[in-house]
Amino acid sequence: VQLQASGGGLVQAGGSLRLSCAASGLTFNSYVMGWFHQAPGKEREFVAAISWSGGRTSYADSVKGRFTISRDNAKNTVYLQMNSLKPEDTAVYYCAASRLSRLVTSSYDYWGRGTQVTVSS
């Protein structure tokens, strides 16, 4: 299984970025997909999750109203649209896949390498 995240970069506060995560080696539409981030010196934290069909989503309180998770099962890809970015959003962002049928903030089976997001003030 491979999860390849991309789309990170340097952006000014208030700006936007769209992260992508391309999956291979798994039946993509059978997995809940999630995004997490880890800032320097901090533990990895849940950001967002999306159900198999894309019909249900869940977000951390810190990103509600600013971030949107979506998926394209035909392309085996999950996205994270990040708007109104803040310096505190600076972190490495990881995508992950879970076999569980419900939206979860932990218990993910596969993880990708992260992509760095840096928000300048």
Side-chain angles (χ1 to χ4, degrees):
V1 175
Q2 286 193 330
L3 302 175
Q4 182 63 54
S6 61
L10 173 64
V11 64
Q12 289 188 334
S16 299
L17 282 174
R18 188 195 195 202
L19 305 184
S20 299
C21 174
S24 60
L26 76 170
T27 306
F28 184 72
N29 60 9
S30 296
Y31 284 78
V32 166
M33 298 299 296
W35 285 97
F36 293 75
H37 67 197
Q38 186 168 19
K42 295 187 177 181
E43 293 187 353
R44 187 167 57 194
E45 296 179 335
F46 169 78
V47 174
I50 188 166
S51 61
W52 302 340
S53 68
R56 292 178 294 125
T57 57
S58 176
Y59 296 93
D61 288 343
S62 60
V63 307
K64 281 181 181 176
R66 299 189 298 122
F67 291 9
T68 302
I69 188 171
S70 61
R71 66 191 295 163
D72 185 338
N73 286 344
K75 295 183 178 179
N76 285 6
T77 301
V78 61
Y79 304 97
L80 186 68
Q81 178 67 44
M82 305 186 296
N83 299 329
S84 301
L85 282 161
K86 305 175 181 180
E88 52 263 43
D89 295 319
T90 295
V92 177
Y93 282 73
Y94 300 89
C95 61
S98 172
R99 293 189 187 95
L100 297 177
S101 61
R102 62 188 186 277
L103 298 181
V104 290
T105 61
S106 61
S107 301
Y108 281 75
D109 302 288
Y110 303 106
W111 294 85
R113 292 186 178 182
T115 184
Q116 176 71 46
V117 171
T118 303
V119 184
S120 63
S121 57

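The figures here come from the full heavy-atom set of this structure, side chains too, leaving out hydrogens, waters and symmetry mates.
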I'd like to check [X] versus [Y] (side-chain heavy atoms, cut-off strictly below 4.5 Å). Are they in contact?
X	Y	value
Trp52	Ser101	yes
Thr105	Phe36	no
Trp35	Ile50	no
Val11	Met82	no

Inset, instruction - Quick one: sort the Tyr93 and His37 rings into parallel, tilted or perpendicular, breaks at 30° and 60°. - result: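 Ring orientation of Tyr93 relative to His37: perpendicular.
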Rounded to the nearest 0.5 Å, what's the gap from [atom1] on [X] to [atom2] on [Y]? Could you check?
X	Y	atom1	atom2	value
Arg71	Ser20	CZ	OG	13.5 Å
Arg18	Ser16	CZ	OG	12.0 Å
Ser53	Asn73	OG	CG	8.0 Å

Linked, directly or transitively: [X] and [Y] (ILVMFWY side chains, under 4.5 Å):
X	Y	value
Met33	Phe67	yes
Leu85	Tyr79	no
Ile69	Leu19	yes
Val104	Val47	no
Leu80	Leu10	no

Legend entry - More than 12 heavy atoms of other groups within 6.0 Å of Gln2 CD: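 Open: at most 12 neighbouring heavy atoms sit under 6.0 Å from CD of Gln2.
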Inset, instruction - Start with the C-alpha distance between Val32 and Tyr108, add both sets of side-chain angles, then the distance that settles side-chain contact (heavy atoms from CB on, under 4.5 Å), and finish with yes or no. - result: CA-CA 9 Å; Val32 166; Tyr108 281 75; 3.8 Å; yes
Legend entry - Nearest heavy-atom neighbours spanning Asn83 and Gln81: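 Shortest heavy-atom separation between Asn83 and Gln81 comes out as OD1-NE2, 2.9 Å.
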Inset, instruction - Kindly give the heavy-atom pair with the smallest separation between Leu3 and Ala97, and that separation in Å. - result: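 Nearest heavy atoms, Leu3 then Ala97: CD1-N, 3.9 Å.
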Inset, instruction - Would you mind checking if Asp61 and Lys64 are paired as a salt bridge, meaning a charged N to carboxylate O distance below 4.0 Å? - result: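 Asp61 and Lys64: salt-bridged.
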Legend entry - Under 3.5 Å donor-acceptor, Arg56 side chain and Ser51 backbone: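 No.
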Inset, instruction - For the pair Tyr31 (side chain) and Ala96 (backbone), establish whether a donor and an acceptor sit closer than 3.5 Å, ignoring hydrogens and angles. - result: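 A pair under 3.5 Å: no.
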Inset, instruction - Identify which one of Thr77, Asn76, Asp72 satisfies the side-chain contact (heavy atoms from CB on, under 4.5 Å) criterion when paired with Phe28. - result: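 Of the listed options, the one satisfying the test is Asn76.
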Under 3.5 Å, which donor-acceptor pairs do the side chains of residues 109-121 form with other protein atoms, sequence neighbours left out?
{"residue": "Asp109", "atom": "OD1", "partner": "Arg99", "partner atom": "NH1", "Å": "3.2"}
{"residue": "Asp109", "atom": "OD2", "partner": "Arg99", "partner atom": "N", "Å": "2.8"}
{"residue": "Tyr110", "atom": "OH", "partner": "Arg99", "partner atom": "NH2", "Å": "2.9"}
{"residue": "Thr115", "atom": "OG1", "partner": "Gly8", "partner atom": "N", "Å": "3.1"}
{"residue": "Gln116", "atom": "NE2", "partner": "Ala91", "partner atom": "O", "Å": "3.4"}
{"residue": "Gln116", "atom": "NE2", "partner": "Thr118", "partner atom": "OG1", "Å": "3.3"}

